[in-house]
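Okay, so here's the structure we're looking at.
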2 protein chains.
Amino acid sequence: MNFSSKLLENAVNEMSQLPGVGKRTALRLVLHLLKQPKEQTTYLAQALQNFRNEIKLCESCHNISDVDVCEICANPKRNEEIICVVEDIRDVMAIENTAQFKGLYHVLGGKISPIEGVGPHNLTIGSLVEKVKKGSIKEVILALSSTMEGDTTNFYIYTQLQDFDVNLSTIARGISVGGEIEYTDEVTLGRSIINRVPFENSLKNI
Amino acid sequence: MNFSSKLLENAVNEMSQLPGVGKRTALRLVLHLLKQPKEQTTYLAQALQNFRNEIKLCESCHNISDVDVCEICANPKRNEEIICVVEDIRDVMAIENTAQFKGLYHVLGGKISPIEGVGPHNLTIGSLVEKVKKGSIKEVILALSSTMEGDTTNFYIYTQLQDFDVNLSTIARGISVGGEIEYTDEVTLGRSIINRVPFENSLKNI
C-alpha cells in the first residue's frame, strides 16, 4: 500500500499486527478514529497501555487480575476443595456466566500443543500438582476444549495427579440443550449414550 | 460480560468502540496483546495517538497529510490542470496504485447523503468551486462510487461547475477487465454499450 503519510502508515502497520486484522481493515479502523473526537483515541491508547503494563496474574489460580490474588480466589464463599482447570480467562468468564460453579479455578494459560511449541512446562500444571499435593483438594474438574490438544492436556494432567487422593472428572460431552438428535454428529451422540446419566440427575439444577 | 478485572474491562470497552469490533473480538485482540512483548502495545498506543494528534488535512486537496501541503500537491511533476474528485484517502491510494493518473486530487471527505445527515456544506465542494473559479483548471474528473449517494454528489458538483469553462468527466463504467459478458449485470452492460469507445482507444495504454 502506498500511504502518502508516515503517521498513517505507522498507525496502520501497528494496528495490522493484531490477529485477524489485515492492512485494509487496519486502514478502515484508523480512518474511523479520525472522524471521532481526539479523546476517543487517547482513551483507547491509555486503556491498552494501562492494561498491558499493570495487569497481573493471580498468585493462586494464574488468572489475569488487577491485584495479587484475584476476586474469585479471595472470595471466602467459594468452595476451596473443588478446582476447575481451564485454558484461559475466556473459559473462566464462560463458566462464571453459568452461575453453576462455586469452586475455584486453575488457569493453565494454554493447551499442550507440540505443533505450536507449547509443552507441559509452558503451562501452570506444576503449580496445580503442588496445590493437590497439599491434600485439601477433593476434586479436580478438567474443563478443556474437546480437541486433540485438549485431550492430550487432560491425559497429561491425569498422569500427574493419579497418585494423589483426589477425584478427577471432566465436564460432560453430549448433545447440547435444545439440540436435535438427528443433527448431532455421531461422535458426540455416541459419547452422550455411553455417558448417560440417571434420569433423576437430569431433573436436578445442581 | 463479567470481567473480573477493571483494567481488562476498560481495554475491551475502548477497543469495541471501533467499527465492526464486538466485545468478543475486542477481548480476543486485547488478550493477544498480553502474549506479546510490552513494547508492541506501547508502539500501537503511540502510533494511534501520534496519528490522531498530528495528522493534518492538505490545504489544497484536503487529503490527510503529515505536512501542510501533501506530497502529491507539492510535486511539481503533477499536472495541475486536471483535478480528480474522490471521496477519501482510500480512493486516492487506489488510483495512485494504477499509476495512470498524473493530475491532482480533490478529496471531498464523503458523499452527499441526507440519510446520514451529510449535506454539500459538510464536504469540500465549496473549495473545489473556488479552485475552478481561478481559471487554470481544464478538466475535473469525478471519481465517486457508482451508488445513489455518489450519483447525487456528482450531479450537485455538476450544477455548481456548469457555468465555468471546465471539462467535467466521470470515470468509465463498464465490464471489468477480464470480466465475462454473460455474468455482467444488465445495468453495467447497458452502460458499457452506450458509452462504447473507438476501438483504437482500447489499444492505448493511456
Side-chain angles (χ1 to χ4, degrees), chain A residues 1-15 17-21 24-25 27-56 58 63-67 70-72 88-90 92-93 96-97 109-110, chain B residues 1-15 17-21 24-25 27-56 58 63-67 70-72 88-90 92-93 96-97 109-110:
Chain A
M1 276 199 202
N2 170 23
F3 305 96
S4 50
S5 152
K6 204 75 197 156
L7 291 166
L8 177 64
E9 191 174 353
N10 279 345
V12 169
N13 282 346
E14 289 298 330
M15 204 66 159
Q17 305 274 319
L18 295 172
V21 179
R24 272 173 189 272
T25 308
L27 180 61
R28 189 166 55 81
L29 296 179
V30 167
L31 291 179
H32 168 83
L33 287 175
L34 205 58
K35 291 187 184 166
Q36 305 298 316
K38 281 188 181 177
E39 292 75 41
Q40 185 174 332
T41 309
T42 311
Y43 293 150
L44 172 62
Q46 282 176 352
L48 291 179
Q49 282 210 291
N50 289 346
F51 167 73
R52 186 63 185 87
N53 292 331
E54 291 169 28
I55 202 82
K56 296 170 183 172
C58 170
N63 193 5
I64 66 177
S65 164
D66 294 357
V67 282
C70 78
E71 276 181 15
I72 296 173
D88 69 14
I89 187 176
R90 280 175 285 188
V92 173
M93 288 165 62
E96 282 297 285
N97 281 340
Chain B
M1 275 198 205
N2 170 23
F3 305 96
S4 51
S5 152
K6 205 75 197 156
L7 291 166
L8 176 64
E9 190 173 354
N10 279 345
V12 169
N13 282 345
E14 289 299 330
M15 204 67 157
Q17 305 274 317
L18 295 172
V21 180
R24 270 171 191 273
T25 308
L27 180 61
R28 191 167 53 82
L29 297 178
V30 168
L31 290 179
H32 168 83
L33 287 176
L34 205 58
K35 291 186 183 167
Q36 305 299 316
K38 281 188 181 177
E39 292 74 41
Q40 185 175 331
T41 308
T42 311
Y43 293 149
L44 171 63
Q46 282 176 353
L48 291 179
Q49 281 211 292
N50 289 346
F51 166 72
R52 186 63 186 86
N53 292 331
E54 291 170 29
I55 202 82
K56 297 170 183 172
C58 169
N63 194 4
I64 66 178
S65 164
D66 293 357
V67 283
C70 78
E71 275 181 15
I72 297 173
D88 69 13
I89 186 177
R90 281 174 284 188
V92 173
M93 288 167 61
E96 282 297 285
N97 280 340

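Just so we're on the same page: letters track the sequence lines, and every chain starts at 1.
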Discussion item. So for B:Ile72, is it side chain, backbone, both, or neither that comes closer than 4.5 Å to the heavy atoms of chain A?
Written reply: neither
Give every donor-acceptor pair under 3.5 Å between a side-chain atom in residues 42-55 of chain A and any protein atom, sequence neighbours left out.
| from | atom 1 | to | atom 2 | distance (Å) |
| --- | --- | --- | --- | --- |
| A:Thr42 | OG1 | A:Lys38 | O | 3.1 |
| A:Asn50 | ND2 | A:Gln46 | O | 3.4 |
| A:Arg52 | NE | B:Leu33 | O | 3.1 |
| A:Arg52 | NE | B:Gln36 | O | 3.4 |
| A:Arg52 | NH2 | B:Leu34 | O | 3.4 |
| A:Arg52 | NH2 | B:Gln36 | O | 2.6 |
| A:Asn53 | ND2 | A:Gln49 | O | 3.3 |

Discussion item. Heavy-atom cut-off 4.5 Å, strictly under: side chain, backbone, both or neither for A:Asn63 against chain B?
Written reply: side chain
Worksheet item: If you tally heavy-atom pairs under 4.5 Å against chain A, which of B:Val92, B:Leu31, B:Val67 wins?
Response: B:Leu31
Worksheet item: So what's closer than 4.5 Å to chain A heavy atoms on B:Arg24: side chain, backbone, both or neither?
Response: neither
Discussion item. Under a 4.5 Å cutoff for heavy-atom pairs, which residue among A:Asn97, A:Val30, A:Asp88 has the most contacts with chain B?
Written reply: A:Val30
Response to the item:
When rounded to the nearest 0.5 Å, the distance separating CD of A:Glu14 from OG1 of B:Thr41 is 9.5 Å
Fill in: Counterpart residues, side-chain hydrogen bond (donor to acceptor under 3.5 Å, both in side chains), relative to A:Ser5 (two or more places apart)
B:Asp66
Discussion item. I'd like to verify something: which residue of A:Lys35, A:Glu96, A:Glu9, A:Arg28 has the highest number of heavy-atom pairs under 4.5 Å with chain B?
Written reply: A:Arg28
Discussion item. Quick check for you: among A:Leu18, A:Thr25, A:Asn13, A:Val12, which has the greatest number of heavy-atom pairs under 4.5 Å with chain B?
Written reply: A:Leu18
